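Residue numbers count from 1 along this sequence. Just so we're clear, the structure is a prediction, and the values are computed from it rather than from any experiment.
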Amino acid sequence: MPDEIKPNVAEASTQDAQLAAESIASGEEKAPTVDFEGDYKAAQQYSVSDIDRTKEGEVAANAATAPKFEVSKQEETKTQAESTSNPADYMNMAKDVGGSANQGVSNVSDDLIQEALEKGQPGK
């Protein structure tokens with residue numbers, strides 16, 4: 001079923017489109033019609049060529065889409081990281097950095113805070 005196109009002069013994006021919409025609105029030109037269903041059916045006919053509907057077309061399509069290079073088979077590999085140093089060395093470093101297990105979060109004393117406040121004062 002053909003549909004009639006009704007252009008809107010206010011929505012025209014170019015001057016040519018605006019002039020065409022004005023001439024259609026005034027009746028100088030006939031409004032174009034579009035047959036969506038007919039166009040869709042025609043497009044379906046063009047989407048597949050005649051040779052594609054035959055056995056020869058199937059063979060040609062398989063030859064055209066066949067892989068040109070051999071794909072190697074995937075192999076599973078296992079990687080194991082081996083230690084290259086003594087783990088006890090890292091434990092000693094952690095003890096030096098973190099303090100002892102029974103010590104608080106930090107070793108900041110009131111004297112240390114007072115000294116920091118004094119050093120933070122501007123020069124006299």
Side-chain angles (χ1 to χ4, degrees):
M1 175 178 182
D3 293 330
E4 184 175 325
I5 297 177
K6 298 176 184 173
N8 186 350
V9 178
E11 294 179 1
S13 60
T14 63
Q15 185 178 8
D16 290 337
Q18 185 178 10
L19 291 173
E22 288 173 355
S23 60
I24 291 171
S26 67
E28 293 176 26
E29 290 185 29
K30 183 179 176 188
T33 58
V34 179
D35 184 7
F36 292 106
E37 291 177 17
D39 289 347
Y40 180 76
K41 288 178 183 176
Q44 294 301 314
Q45 293 298 320
Y46 290 122
S47 66
V48 180
S49 67
D50 292 334
I51 193 163
D52 289 338
R53 294 184 178 99
T54 64
K55 184 70 174 169
E56 295 167 356
E58 183 179 344
V59 171
N62 287 336
T65 58
K68 295 182 173 100
F69 302 103
E70 183 178 330
V71 179
S72 61
K73 184 178 179 182
Q74 295 180 356
E75 296 178 7
E76 186 175 328
T77 58
K78 292 184 180 179
T79 305
Q80 185 174 3
E82 295 182 17
S83 177
T84 58
S85 63
N86 185 2
D89 292 340
Y90 294 105
M91 294 296 290
N92 291 334
M93 278 195 307
K95 286 179 185 175
D96 290 342
V97 171
S100 66
N102 58 5
Q103 191 176 11
V105 176
S106 66
N107 56 1
V108 177
S109 65
D110 290 337
D111 294 336
L112 187 60
I113 291 176
Q114 186 61 36
E115 184 181 344
L117 289 172
E118 290 172 3
K119 288 184 177 181
Q121 298 296 323
K124 296 180 182 176

* Taking everything shown except E56 itself, do over 12 heavy atoms lie less than 6.0 Å from its CD? -> no
Run the side-chain donor-acceptor check on residues 11-25: report pairs under 3.5 Å with partners two or more places apart or on a different chain.
from : atom 1 : to  : atom 2 : distance (Å)
T14  : OG1    : A17 : N      : 3.2
S23  : OG     : L19 : O      : 3.3
S23  : OG     : A20 : O      : 2.9
S23  : OG     : E29 : OE2    : 3.3

* Structure fact -> Closest non-hydrogen contact found for I51 with T54 is O-OG1, 2.7 Å
